[in-house]
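Presented below is the structure to which this report refers.
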Amino acid sequence: MASAFEYAPAPESRSVVDIAPSYGLFIDGEFTEAADGRVFKTVSPSTEEVLSEIAQAGEADVDRAVKAARRAFGTWSALPGAERAKYLFRIARIIQERSRELAVLETLDNGKPIRETRDADLPLVAAHFFYYAGWADKLDHAGFGSAPKPLGVAGQVIPWNFPLLMLAWKIAPALATGNTVVLKPAETTPLSALFFADVCRQAGLPRGVVNILPGYGDTGAALVAHPDVNKVAFTGSTAVGKAIAKTVAGTRKKLTLELGGKGANIVFDDAPIDQAVEGIVNGIFFNQGQVCCAGSRLLVQESIQEELLDSLKRRLSTLRLGDPLDKNTDIGAINSEEQLTRITSLVEQGEAEGAERWSPACELPDAGYWFAPTLFTNVTQAHTVARDEIFGPVLSVLTFRTPDEAVAKANNTPYGLSAGVWTEKGSRILAVANKLRAGVVWSNTFNKFDPTSPFGGYKESGFGREGGRHGLEAYLDV
Amino acid sequence: MSDKSEKTEQPRLSVFKTYKLYVGGKFPRSESGRVYEVTDAQGRWLANAPQSSRKDARDAVVAARKAFGGWAGATAYNRGQILYRVAEMLEGRRGQFAREVADAEGLSKSRAAAAVDATIDRWVWYAGWTDKIAQVVGGGNPVAGPYFNLSSPEPTGVVTVLAPQDSSFLGLVSVVAPVIATGNTAVVIASERSPLPALSLGEVLATSDLPGGVVNVLSGRTAEIAAPLASHQDVNAIDLAGADEALAKELEIAAADNLKRVLRPQPVDDWAATPGIDRMTAFLETKTVWHPTGSLGASGSSY
């Protein structure tokens, strides 16, 4: 790609954060070895460099952590809400103070661009703690009765795509409502959660209120199945979500699930094209498309297909892929080799089924896990790339003629998490948004988040909402 | 002059009712051709109720799905009017339902009449909720940015309801009304031992302006009918009120296959107590719609 102006490298310094060669589990306010001494390594997906060695929690550790959380529950839930609020405000402030460290750490461990961790993830993380801190002493005004009670010990399992943000979504409302937590971060991105343990210590949070157990799927399964867990919260794949729903069947555990999606981004012929193109790019290439609410299906009105695709391709040619720590980088690394394999195989299947693949000229680094931004045209609703969640930087383009057809195609999926609508016509926005079966509808924008706004899916995208007043319900006995 | 000598002192022979299912606004017999004996609390025969099959259950889902768009899309005011109309129809049939409830549950006449009155009042209560629930559980969110967003509740879709086994009419209405008040459509499995008030309710619903398919009533063996409904891919939610512990667990596992919303059995000591809004919110989704306010994207320009 020849360009009139080349960018000079502008790397963020990684010296702002100290990564220890090894980390333990965080149980009852202390870092500790796993009972069976198992460890695993976490690598930087952009370089494959080993960042640290992490203790891997087994069943005995899960039991220890749940016991610690149970012990802490009595005093924590009995604290006046105003006092719990102050702890959460402290945490929000410490995260703000240390957000540069955390942004670099997150980028190293996850592979996403520093531009995103610095400008999106971290501000939202702090905002979530700040928002829910304010609820802690106002729960009797939240609409769940005059004295809503916490549930007890919350077992929380979070994914690798927004490691710290998902932690904030889970821990902030749980603590505000008086629950204690045992949280399992994903095996490929445990570092920011362990850093967060240190934030809890700095904030003086009582022992056992927050416990962090890095590990693989079996650790999460043990946590979900533990008989003394009262509440299970999971964000991740629909397949695992279904397995968890079966595990908690017949118990009294309260369950919320935030699962997969295959979001439709609908562009009508009167849409503001430049803004729509930005929205499409943001919708599917933000965090390399590793976003459950990504706008991975572009539904474009037939009459403007050519114009829109030309614009989109031009725009994709300007995206910069490379070192995630470089402040000019738009597209970082895929989180893991496993995920890269999955993306690659789904894309190959798309080609094999006859969809037309396009990527801008794009050089991929030698080390690390990379995938160029990719478009599929000539896609039908039956194609795998139009049905399965790819969780990567891959956009499938379909067309429609009438608003009804757009709605029918958008809803033609077992998922129901997000959708986008682009048109200048207000009545059309409202009519279409009304008919879309999705938990979040972005009109003339995409991928916007805010702690005050409930987020969650219809149908097989899961149940329950996170964020806002609605997010409290998952952690209260209502 | 007629011959009066043949006049007898025999009491009039009453006309029995053939109880039928209520599916898609019609009154079919069970596709299986099966019936089972329904008795009163003393074990005396009352009627033969249809014993629904899994095919009946699937037909009911088709009817409920077909009715969903229109019912969910109706204005809340309209839904409220129709629910209130059901109460009006019930009011005129208080005597009939009091007899049926007394037979079904072995209640005295006065207690059965009280249960029916409470049931009618419950319909009225839910009729008033249709156009208020969105204001209570939805609202605008104060977003930190140049965006306007609104969260509104929407119905989940087709809901399977296992009516409570003990309270054949008040319990039934207490679990059905909240489901449809919010715009869902329902496939209801009546109390297994006492299905007659539920089947008679179908006759009331059919004459209450309620579109066919919004409520579908099946009678038979709860476990047998519930199993295909819990695993049905076009059912969005299930209320397990009428399931015992073992059945509830089995159905909850089956329901996980398409991530149905599950309302587990809740202990209810007194069906006459004022219900909260939980039975409505259990079958509502929250949709949040965002729109920029003024700012025109990355360029920084604005209106």
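The chains referred to below are lettered A, B, ... by the order of the sequence lines, with proteins before strands, and numbering in each begins at 1.
Contacts between A438(A) and chain B at a heavy-atom distance below 4.5 Å involve the backbone alone (N, CA, C, O). For chain B, no part of P414(A) is nearby; none of its heavy atoms comes within less than 4.5 Å. Interface residue I429(A): only side-chain heavy atoms are found under 4.5 Å from chain B. Looking at L259(A), the atoms closer than 4.5 Å to chain B (heavy atoms on both sides) all sit in the side chain, from C-beta outward. Of the two parts of N149(B), only the side chain, counted from C-beta on, holds a non-hydrogen atom closer than 4.5 Å to a non-hydrogen atom of chain A. Of the two parts of V262(B), neither the backbone nor the side chain holds a non-hydrogen atom closer than 4.5 Å to a non-hydrogen atom of chain A.
Rounding to the nearest 0.5 Å places OG1 of T288(B) at 11.5 Å from CZ of F449(A). F148(B) contributes atom CZ, which lies 13.5 Å from atom OG1 of T445(A) (distance to the nearest 0.5 angstrom). Once rounded to the nearest 0.5 Å, the distance linking CZ of F144(A) with CD1 of I277(B) reads 8.0 Å. In this structure, OG1 in T156(B) is found 8.0 Å from OH in Y458(A), a value given to the nearest 0.5 Å.
Put simply, of R437(A), R252(A), H470(A), K448(A), the one with the most heavy-atom pairs under 4.5 Å next to chain B is K448(A). Between chain B and the options T247(A), V248(A), V478(A), T238(A), heavy-atom pairs under 4.5 Å are most frequent for V248(A). Contact count versus chain B (heavy atoms, under 4.5 Å) is highest, among G467(A), A127(A), G420(A), G457(A), for G457(A). Between chain A and the residues E245(B), H291(B), E154(B), K287(B), the largest count of heavy-atom pairs under 4.5 Å involves K287(B). Counting heavy-atom pairs closer than 4.5 Å to chain A, the top residue among S151(B), A248(B), A237(B), S152(B) is S151(B).
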* Asked: Step by step, would you call K459(A) with E285(B) a salt bridge (charged side-chain N to carboxylate O under 4.0 Å, His left out)?
  -> CA-CA 9 Å; K459(A) 301 195 277 186; E285(B) 302 292 335; over 6 Å; no
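Side-chain atoms of L257(A) and L259(B), non-hydrogen and from C-beta on, do get closer than 4.5 Å to each other. By the 4.5 Å heavy-atom criterion applied to side chains, K249(B) and T251(A) are not counted as neighbours.
With hydrogens and angles disregarded, a donor-acceptor distance shorter than 3.5 Å links the side chain of S443(A) to the backbone of W290(B). Here the side chain of R469(A) pairs no donor or acceptor atom with the backbone of G139(B) at under 3.5 angstrom. A donor-acceptor distance shorter than 3.5 angstrom exists from the side chain of R465(A) to the backbone of T286(B), with no hydrogens or angles considered.
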